[in-house]
Amino acid sequence: MSDVLLCTVCHSKNRVRQVPDGQVPVCARCQAALPWLHDGTDASFSSDIQASVLVLVDFWAPWCGPCRVMGPILEEIARERVGKVRVVKVNVDENPQSAAAFSVRSIPTLLLFHKGKQVDSMIGVVQKPALLQRLAAYG
């Protein structure tokens, strides 16, 4: 499985298959760090939360109005905090095992992972300044 990440510097599309431990994805053309936002699955979840940067997991569904409010906020954070945060969006309808493993009962639910361990959780729409403050507490 691979993700296509858009470089915010040169605007080229980059197909990213896997990022080695301790690294962040970089643009093949200009070598700038890429905004790390992608869809997670039940199969990829355990590797998705392992990263050298903070990992913000968004449990969501396309029919959920508050989830649609969070989407653009998370995209902005991924673009603004390049090289510092990985945003993983997990559709709970398509990936029920990951949601069940973390007892997700309401969406959107945001979980924050640091070095592969859950360090924070938020339920419902979280305004961008409050979310940035929570991220800052971990790096």
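Keep in mind that what you see is a predicted model, and the values were worked out from it rather than measured.
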**Report entry** N95 vs F45 side-chain heavy atoms within contact, under 4.5 Å
**Finding:** no
Query raised in the report: Any side-chain heavy atom of V24 within less than 4.5 Å of one from S52?
Result: yes
Query - Sidechain-backbone polar pair: N14 side chain, S12 backbone, donor-acceptor under 3.5 Å - result: yes
Sequence neighbours excluded and cut-off under 3.5 Å, please list the side-chain donor-acceptor pairs for residues 96-117, or say none.
unit_1: S98; atom_1: OG; unit_2: D42; atom_2: OD1; d: 2.8
unit_1: T109; atom_1: OG1; unit_2: S106; atom_2: O; d: 2.4

Report task. Look at atom CD of E76 and say whether more than 12 heavy atoms of other residues, nucleotides or ligands are closer to it than 6.0 Å. Result -> yes
Query raised in the report: When hydrophobic residues are tied together by side-chain contacts of less than 4.5 Å, even through go-betweens, does M70 share a cluster with V85?
Result: yes
Report task. Determine, using the 4.5 Å side-chain heavy-atom cutoff (strictly less than), whether V9 and L5 are members of one ILVMFWY cluster. Result -> no
Query raised in the report: Under 4.5 Å between side-chain heavy atoms, hopping through other hydrophobics if needed: is there a path connecting L132 to V119?
Result: yes
Query - Separation between NE2 of H11 and CG of L6, rounded to the nearest 0.5 Å - result: 7.5 Å
Query raised in the report: Backbone N or O of S121 within a donor-acceptor pair of the R134 side chain at under 3.5 Å?
Result: yes
Report task. Could you tell me which non-hydrogen atom of K89 sits nearest to which non-hydrogen atom of L37, and how far apart they are? Result -> CD-CD1, 4.0 Å
Report summary line: For V87 and A78, the nearest pair of non-hydrogen atoms, with its separation, is CG2-CB, 4.0 Å
Query raised in the report: Can V126 be reached from I123 by stepping across I, L, V, M, F, W or Y side chains whose heavy atoms are under 4.5 Å apart?
Result: no
**Report entry** From CG (D39) to OG (S44), nearest 0.5 Å
**Finding:** 9.0 Å
Requested in this report: Say whether, by atom type as modelled, one donor and one acceptor occur between the side chain of R68 and the main chain of P62 under 3.5 angstrom.
Outcome: yes
Requested in this report: Starting from V82, walk the hydrophobic network (Ile, Leu, Val, Met, Phe, Trp, Tyr; side-chain heavy atoms closer than 4.5 Å) and list everyone else you reach, by chain and number.
Outcome: none
Requested in this report: For R86 and D48, indicate whether the former's side chain and the latter's backbone hold a donor-acceptor pair under 3.5 Å.
Outcome: yes
Requested in this report: Step by step, work out the side chain to side chain contact (heavy atoms under 4.5 Å, CB included) result for W60 and V92.
Outcome: CA-CA 6 Å; W60 72 287; V92 296; over 6 Å; no
**Report entry** Gap between atom CG of L131 and atom CZ of R81 - 0.5 Å precision
**Finding:** 9.5 Å
**Report entry** Within-4.5 Å side-chain heavy-atom neighbours: I49 and V57
**Finding:** yes
Query raised in the report: Linking I/L/V/M/F/W/Y whenever any side-chain heavy atoms sit under 4.5 Å apart, do V88 and F59 land together?
Result: yes
